[in-house]
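Data first, discussion second: the structure below is written as structure tokens.
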There are 2 protein chains.
Amino acid sequence: MLSIAAVEGLPEIASGADLGELIAARPPAGLGGFADGDVLVVAHKAVSKAEGRVRRLDDVVPGERAVALAADHGKDPRHVQVVLDETRELLRAERGVLICVTHHGFVCANAGVDASNAAAGGPDTLILLPADPDGSARALRARLRELTGARVGVVITDSFGRAWRHGQVDVAIGVAGVAPLEDWRGRADSVGRELRATWIAIADELAAAADLARGKDSRQPAVVVRGLPGRHALDDDGPGVQALLRPAAEDLFR
Amino acid sequence: MLSIAAVEGLPEIASGADLGELIAARPPAGLGGFADGDVLVVAHKAVSKAEGRVRRLDDVVPGERAVALAADHGKDPRHVQVVLDETRELLRAERGVLICVTHHGFVCANAGVDASNAAAGGPDTLILLPADPDGSARALRARLRELTGARVGVVITDSFGRAWRHGQVDVAIGVAGVAPLEDWRGRADSVGRELRATWIAIADELAAAADLARGKDSRQPAVVVRGLPGRHALDDDGPGVQALLRPAAEDLFR
């Protein structure tokens with residue numbers, strides 16, 4: 001059985017905050033402390049704020065391309081400039097939506113740049129994705145090990161829209177100590193027939209599961225998942241989220 | 001706190017099986033019976049088998065288009081014919097993958113037609129998606145109500161690949177008694193700033209969460225989720241999965 005519970009009572013996260021310490025001090029009621037095999041799932045905003053990955057609109061001077069895009073899509077040119085700064089390739093710009101490939105390789109709206117819940121920096125502050133989300137996940141994992149003694153996995157998440165389907169789901173943007181994918185391709189199923197396309201994005205399913213356990217309007221970025229089958233846990237940090245990114249050359253939808 | 005547990009000991013599902021009865025008789029150990037507000041998440045194969053939504057390859061005569069596609073992509077032309085029969089529009093056919101829009105409007109590989117775990121019908125049997133997955137979910141919900149007295153939500157799932165990311169995640173293909181989407185767009189967040197793109201596909205997150213609680217090679221199609229925030233439960237069956245489907249005209253990636 002899986003048990004999934006949010007970490008309660010976290011303060012607003014400021015730049016330089018020790019997120020691992022804040023979380024370690026607040027194990028979810030009902031789980032009773034962190035244990036080996038637990039997975040901590042954290043919304044990236046908490047990580048980005050702690051790492052100072054924020055930008056103030058007042059500090060941004062938009063360039064020509066940002067001004068043009070902003071005019072076409074009814075946006076603040078400074079905001080668009082920050083999105084472009086985080087973007088490797090702009091895939092689509094339509095109906096006010098910029099679909100970007102970030103420098104990490106994520107395909108998402110506005111390169112993951114977000115203005116909501118920006119309390120730490122004030123209303124004119126944008127929150128970026130962490131610069132190296134796998135590195136952030138590894139550091140948080142190490143810090144939790146140090147503070148609690150538990151060997152936990154860490155998944156850092158963001159809410160991404162999808163092609164073809166309405167709504168957003170939380171997906172992994174940084175992973176440590178958990179296998180991001182489980183590969184059953186080529187293995188036999190329960191009647192001996194080959195499973196041909198069964199290649200499961202465990203880290204993304206963890207991200208989605210955790211999102212169900214917290215309120216979107218409250219300050220619960222951190223969620224603990226207990227009871228994940230042991231085969232998904234890794235002794236080392238593992239390949240991280242990069243294993244989940246489909247190279248452009250293999251992608252039918254760019 | 002969310003608790004997620006698989007239904008254990010289900011038999012192989014035969015055509016005409018009373019899936020609701022089989023599940024109602026096996027409440028997951030640890031949860032102790034079905035309760036109001038629980039969500040039953042079921043892999044579609046169990047539903048399709050019970051509904052007789054299977055086809056034997058021996059009964060299929062492939063047409064010209066199926067023969068041509070099969071030759072181009074190294075597939076069995078009878079299998080391709082079944083995929084085409086389930087397809088409203090073929091979006092891509094590349095590298096052995098047919099990306100289809102099904103008659104229901106789902107965008108997925110091979111129109112959801114699957115050969116694995118086909119024990120019920122023998123090795124030359126293909127399993128289709130249910131003809132009306134929302135209807136299947138509503139019927140299962142009503143049957144569980146009748147048998148257990150509990151007002152549960154039902155989500156029927158399949159494993160879909162994604163644009164841009166490796167691996168598959170389980171998503172909803174039929175929904176009853178659960179709000180498929182939670183819409184926070186336009187509401188204020190915890191610091192009074194408008195949340196601009198927060199529109200959460202709850203039913204898809206439920207599908208993904210449930211998949212973590214079962215073994216892919218074992219017979220555990222049914223999973224119970226307990227503790228979902230009450231605001232997601234519906235008294236009536238609700239809009240179903242159709243609310244999750246992005247119309248082609250609004251879709252940037254077809």
Side-chain angles (χ1 to χ4, degrees), chain A residues 1-5 28 30 92 94 97 99 107 109 115-119 123 159 161-171 181-182 184 187 189-191 193-202 204-206 208-209 211-213 215-219 228-229 243-246 251-253, chain B residues 1-5 28 30 92 94 97 99 107 109 115-119 123 159 161-171 181-182 184 187 189-191 193-202 204-206 208-209 211-213 215-219 228-229 243-246 251-253:
Chain A
M1 187 162 83
L2 285 181
S3 301
I4 307 182
R92 300 278 194 286
E94 270 183 59
V97 180
I99 306 290
V107 179
S116 64
N117 277 314
S159 304
R162 296 88 51 83
W164 317 315
R165 290 173 85 89
H166 283 314
Q168 300 174 309
V169 294
D170 274 15
V171 300
L181 286 161
E182 177 165 50
W184 290 82
R187 291 196 237 175
D189 73 3
S190 57
V191 294
R193 173 171 286 276
E194 190 183 318
L195 289 163
R196 286 182 301 178
T198 306
W199 190 31
I200 309 161
I202 298 296
D204 286 332
E205 293 193 334
L206 280 163
D211 192 44
L212 294 172
K216 210 66 177 179
D217 63 337
S218 63
R219 288 177 188 156
L228 190 70
L244 286 169
L245 304 186
R246 196 186 288 277
D251 196 327
L252 304 180
F253 295 97
Chain B
M1 188 163 79
L2 286 182
S3 302
I4 308 182
R92 299 279 194 287
E94 270 183 59
V97 181
I99 306 290
V107 179
S116 64
N117 278 315
S159 303
R162 296 88 53 83
W164 317 313
R165 290 173 85 89
H166 282 314
Q168 300 173 310
V169 295
D170 275 15
V171 300
L181 286 161
E182 177 164 50
W184 290 83
R187 292 197 235 173
D189 74 3
S190 57
V191 293
R193 172 171 286 276
E194 188 183 321
L195 288 163
R196 286 183 298 178
T198 304
W199 191 32
I200 308 161
I202 297 295
D204 287 332
E205 293 193 333
L206 280 164
D211 192 44
L212 294 172
K216 211 64 176 181
D217 63 337
S218 61
R219 287 175 186 156
L228 190 70
L244 286 169
L245 304 186
R246 196 186 287 276
D251 197 325
L252 304 180
F253 295 97

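Naming convention: chains lettered A, B, ... in sequence-line order (proteins, then strands); numbering from 1 in each chain. Here the structure is a predicted model, which is why all the values come from computation and not from measurement.
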Exercise for review: Just jot down the side-chain contact (heavy atoms from CB on, under 4.5 Å) partners of A201(A), sequence neighbours excluded, or say none.
Suggested key: L181(A), D204(A), L244(A), R162(B), V169(B)
Exercise for review: Report the C-alpha separation of L2(A) and L2(B) in whole Å, then their side-chain angles, then the decisive distance to 0.1 Å, and conclude whether the side chain to side chain contact (heavy atoms under 4.5 Å, CB included) test is met.
Suggested key: CA-CA 8 Å; L2(A) 285 181; L2(B) 286 182; over 6 Å; no
**Study point:** Interchain contact, L206(A) with chain B, by part (heavy-atom threshold 4.5 Å)
**Key:** both
Exercise for review: Look at the side chain of W164(B) and the backbone N and O of F253(A), then say whether any donor-acceptor pair between them is shorter than 3.5 Å.
Suggested key: yes
Study note, to complete from the structure: dist Q168(B):CD -> E182(A):CD (nearest 0.5 Å) comes out at 12.0 Å
Point to revise | Contacting moiety of A243(A), where chain B heavy atoms sit under 4.5 Å | key: backbone
Practice item. Flag the one option from I202(B), V171(B), L252(B) with the top tally of heavy-atom pairs under 4.5 Å to chain A. Key: L252(B)
Study note, to complete from the structure: Per-residue tally against chain A (heavy atom, under 4.5 Å) across P229(B), P28(B), A209(B) peaks at A209(B)
Practice item. Count the heavy-atom pairs under 4.5 Å between each of R246(A), R92(A), E94(A) and chain B, then report the option with the highest count. Key: R246(A)
Exercise for review: Pick one of side chain, backbone, both or neither for L228(A), based on which atoms fall under 4.5 Å of a heavy atom in chain B.
Suggested key: side chain
Exercise for review: Report the residues that fulfil side-chain contact (heavy atoms from CB on, under 4.5 Å) with L245(A), sequence neighbours left out, ordered by chain and then residue number.
Suggested key: F106(A), Q242(A), R165(B)
